[in-house]
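Numbers here are sequence positions counted from 1. Everything quoted here is computed from the prediction, not taken from an experiment.
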Amino acid sequence: MKYKICLSMFAVAMLIAAVTLNSYKITPTDTKSVAVNKVAETTTVTTTKTVSNQNKKDNEIMKGLWVTYMELDMSDTDRSYSAFKNKFDTIVSDAIKCGFNALIVQVRPFSDALYYSKYYPHSHILSGTQGKDPEYDALNYMCQKCHENGIQIHAWVNPFRISTNNTPSKLSDDNPYVKDNSIGVKTDTGIYINPAIKKARELIENGVKEIIENYDVDGIQFDDYFYPTKDKNFDSEEYNSYLKAQNGDAMKLSRWRKDNVNKLIKETYKAVHSSKDNVMFGISPQGNIKNNNEIYADVKTWCSQMGYIDYICPQLYYSLDNPALAYEDAIDSWNKVKKNNDLVIYSGLAGYKAGTDNDEGTWEDFDDILQKEYKIAVNKKYNGIMLYSYNSLKESCAKKEIKNLVKELN
């Protein structure tokens with residue numbers, strides 16, 4: 001009997017040791033097993049959360065800051081986990097000092113991931129090569145760091161882009177397009193997922209659901225990339241199949257393309273709220289409403305009907321005196337769009353234009369444009385702003401503009 005007990009105790013001890021060792025070293029040969037292992041690590045973050053997920057109309061004003069994949073690029077460092085933590089710690093510290101209460105972090109720039117995924121390969125942004133495991137979970141750390149400091153984190157996803165202008169330079173073998181090139185289309189500018197393909201839309205939806213279930217994010221945000229071209233050949237095969245299936249009551253190409261995107265948005269909304277109802281799903285479309293028609297983004301439907309989005313943040317990247325489209329005119333045009341009662345609206349601000357000769361030089365004569373635009377947005381009953389992007393806090397030409405905006409944010 002003693003011999004049997006000793007064997008049992010030895011087996012248990014060995015099992016504990018194996019689990020302990022596994023928590024310190026993950027072999028990056030099986031993405032699915034890695035993702036499963038990392039889920040357990042991620043769930044510990046929820047205990048440190050100090051902010052509300054739901055930034056609704058009666059809560060505090062959104063003061064968001066976009067953090068692009070370029071600003072998280074580790075190519076100029078030793079690519080270690082400690083180097084990434086130092087980089088992101090600085091971003092969080094700078095954001096808080098300036099008065100921001102949310103970061104919108106680009107975690108899926110090229111159908112790849114700055115986190116452990118069973119659908120998308122590791123991003124080259126961290127490891128230098130798409131598909132190569134950086135041996136740390138960047139999104140897990142970013143969630144933990146943001147919530148420890150009392151600010152929100154929204155996972156910013158580019159839903160359709162696979163590569164543009166040879167970035168990334170090489171797609172990994174486990175890139176979803178490499179595994180199944182029927183989901184995407186090559187164009188003159190790059191490779192893009194085809195919104196007309198049901199399994200391609202499901203890939204995007206599943207990828208979002210995966211983030212919601214495995215990471216303690218406060219929101220998911222899609223940017224302004226939808227159909228990359230108006231070329232009829234882009235999805236002609238799918239459209240012709242659609243026409244053959246109809247009995248003379250078919251949508252025109254433009255309406256059909258909008259419907260494809262709408263299907264994705266609606267299903268993504270369902271995926272988000274079926275997983276965690278307190279996580280917000282938002283989109284940041286182009287600021288000129290008319291321009292959204294060119295990429296088949298049906299923003300008016302998303303705003304007016306329930307079940308598409310929780311918030312919208314049009315990129316109102318215009319100076320107050322831009323002759324093509326002035327900021328206040330743009331903000332008024334979005335105010336005129338019919339909205340459902342639950343929709344939250346933010347204004348995207350162009351920190352990257354501050355102090356430059358953009359908009360026909362209309363940024364050069366003033367140093368308080370961003371400050372005034374923030375005040376205009378709040379006075380026009382917008383629920384806050386998001387500034388593009390983190391690097392603008394560091395640009396010498398934007399120094400005075402940022403200083404005046406920071407006064408308003410605080």
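- A perpendicular orientation is assigned to the rings of Y317 and Y352, their planes being inclined by more than 60° (bins at 30° and 60°).
- Residues N101 and G64 come closest through the heavy atom pair OD1-N, 4.4 Å.
- Salt bridge annotation for D174-K179: absent, with no cationic side-chain nitrogen under 4.0 angstrom from a carboxylate oxygen.
- Y311 pairs by the ring-ring contact (aromatic ring centres under 6.0 Å, His included) definition with H154, Y346, not counting sequence neighbours.
- The shortest distance between side-chain heavy atoms of L325 and D329 falls below 4.5 Å.
- Between D89 and K85, no side-chain nitrogen of the basic residue sits less than 4.0 Å from a carboxylate oxygen of the acidic one, so the salt-bridge criterion is not met.
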What's the verdict on side chain to side chain contact (heavy atoms under 4.5 Å, CB included) for V261 and Y227, showing C-alpha distance, side-chain angles and the deciding distance? CA-CA 8 Å; V261 176; Y227 268 86; 3.8 Å; yes
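- Side-chain contact annotation: S80 with S82, donor-acceptor N/O pair under 3.5 Å present.
- For Y69 and F110, the gap between ring centers is short of 6.0 Å.
- Here CD of E71 is found 7.5 Å from CG of L65. Values are rounded to the nearest 0.5 Å.
- Here the side chain of D137 pairs a donor or acceptor atom with the backbone of N140 at under 3.5 angstrom.
- Looking at N358 and T356, their side chains do bring a donor and an acceptor atom within 3.5 Å of each other.
- When side chains are defined from C-beta on, V185 does not count as touching Y192, because their heavy atoms never get closer than 4.5 Å.
- Salt-bridge formation is detected for the pair K394/D94: a Lys NZ or Arg NE/NH1/NH2 atom is positioned less than 4.0 Å from an Asp or Glu carboxylate oxygen.
- Taking each heavy atom of P109 and R161 in turn, the nearest pair found is O-NE, 3.0 Å.
- For the residue pair D73/S75, the side-chain donor-acceptor check at 3.5 Å is satisfied.
- Salt-bridge check for E267 with R201: failed, with every basic side-chain N at 4.0 Å or more from each acidic carboxylate O.
- Between R108 and G207, the shortest heavy-atom distance links the atoms NH2-C, 3.2 Å.
- Interatomic distance, E205 CD to K209 NZ, rounded to the nearest 0.5 Å: 10.0 Å.
- Taking the six-membered ring for Trp and thresholds of 30 and 60 degrees, Y269 and H273 have ring planes inclined between 30 and 60 degrees apart.
- Looking at heavy atoms from C-beta onward, H147 lies in side-chain contact with I153 at the 4.5 angstrom threshold.
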Apply side chain to side chain contact (heavy atoms under 4.5 Å, CB included) to the pair N293 and D298, showing each step before the final yes or no. CA-CA 7 Å; N293 287 324; D298 192 4; over 6 Å; no
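- N410 contributes a side-chain N or O that, together with a main-chain N or O of V406, makes up a donor-acceptor pair within less than 3.5 Å.
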For the pair Y115 and Y120, evaluate side chain to side chain contact (heavy atoms under 4.5 Å, CB included) and give the outcome as yes or no after the intermediate values. CA-CA 9 Å; Y115 54 92; Y120 296 96; 4.3 Å; yes
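- Between the NZ atom of K258 and the CG atom of L253 there is a distance of 11.5 Å, given to the nearest 0.5 Å.
- In this structure, the separation between CD1 on I151 and CD1 on I96 is 4.5 Å, given to the nearest 0.5 Å.
- Checked against side-chain contact (heavy atoms from CB on, under 4.5 Å), Y242 has the following partners two or more places apart in sequence or in another chain: Y239, Q246, A250, M251, W256.
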May I have the step-by-step check of salt bridge (Lys or Arg N to Asp or Glu O under 4.0 Å) for K118 and E210, ending in yes or no? CA-CA 8 Å; K118 63 181 179 181; E210 174 183 60; 5.8 Å; no
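- A salt bridge links E328 with K380: the distance from a Lys NZ or Arg NE/NH1/NH2 to an Asp or Glu carboxylate oxygen falls below 4.0 Å.
- Among all heavy-atom pairs drawn from V178 and S172, the shortest one is CG2-O, 3.3 Å.
- Shown here for N322 and S319, the closest heavy-atom pair between the two residues is N-OG, 2.9 Å.
- Formation of a donor-acceptor pair under 3.5 Å by the N149 side chain with backbone atoms of K145 is found in this model.
- Using modelled atom types, one finds a donor on one side chain and an acceptor on the other under 3.5 Å when comparing Q221 with W66.
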Let's go through D180 and K199 carefully: what are the C-alpha distance in whole Å and the side-chain angles of both, what is the deciding distance for salt bridge (Lys or Arg N to Asp or Glu O under 4.0 Å) to 0.1 Å, and is it a yes or a no? CA-CA 10 Å; D180 180 7; K199 62 182 175 180; 2.8 Å; yes
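- Taking SG of C303 as the start and OH of Y308 as the end, the distance is 12.0 Å to the nearest 0.5 Å.
- Within 6.0 Å of NZ on K399 lie no more than 12 heavy atoms contributed by other residues, nucleotides or ligands.
- Proximity of a side-chain donor or acceptor of D235 to a complementary backbone N or O of E238 within less than 3.5 Å is not detected.
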Carefully, step by step, assess I91 and V67 under the rule side chain to side chain contact (heavy atoms under 4.5 Å, CB included). CA-CA 8 Å; I91 291 173; V67 181; 4.0 Å; yes
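- Taking 4.5 Å as the limit, some side-chain heavy atom of L139 sits within range of a side-chain heavy atom of I211.
- Note that OG of S392 and CG of L370 are 7.5 Å apart. Values are rounded to the nearest 0.5 Å.
- Looking only at distances, a side-chain donor or acceptor of K63 sits under 3.5 Å from a matching main-chain atom of L409.
- Closest approach of D223 and Q106 over heavy atoms only: OD2-NE2, 4.3 Å.
- In this model, a donor atom of one side chain and an acceptor atom of the other lie less than 3.5 Å apart for S347 and Y327.
- For the pair N404 (side chain) and D367 (backbone), a donor-acceptor distance under 3.5 Å is present.
- The shortest distance between side-chain heavy atoms of V208 and F222 falls below 4.5 Å.
- The aromatic rings of W302 and F226 are tilted relative to each other, their planes meeting at an angle between 30° and 60°.
- The shortest distance between side-chain heavy atoms of N181 and I191 does not fall below 4.5 Å.
- N292 places a side-chain heavy atom less than 4.5 Å from the side chain of Q286.
- Among pairs with a residue in residues 353-379, none fulfils ring-ring contact (aromatic ring centres under 6.0 Å, His included), at least two apart in sequence or across chains.
- A donor-acceptor pair is defined here as one N or O able to donate and one able to accept, closer than 3.5 Å; no such pair exists between the side chain of S117 and the backbone of A113.
- With hydrogens and angles ignored, the 3.5 Å screen pairs no side-chain donor or acceptor of D310 with any backbone N or O of G282.
- A donor-acceptor contact closer than 3.5 angstrom is absent between the side chains of S123 and Q130.
- Contact check on K263 versus D259 returns a salt bridge, with a Lys/Arg side-chain nitrogen under 4.0 Å from an Asp/Glu carboxylate oxygen.
- Remark: the backbone N or O of T90 is not paired with any side-chain donor or acceptor of S93 at under 3.5 angstrom.
- Although no hydrogens or angles enter the test, the distance criterion places a donor-acceptor pair under 3.5 Å between the side chain of E401 and the main chain of I369.
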Let me see the working for F84 and Y136 under ring pair (Phe, Tyr, Trp, His ring centres under 6.0 Å), right down to the final yes or no. CA-CA 9 Å; F84 177 82; Y136 62 87; 5.4 Å; yes
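- Side-chain contact between S127 and M74: absent, with no pair of heavy atoms (C-beta onward) separated by less than 4.5 Å.
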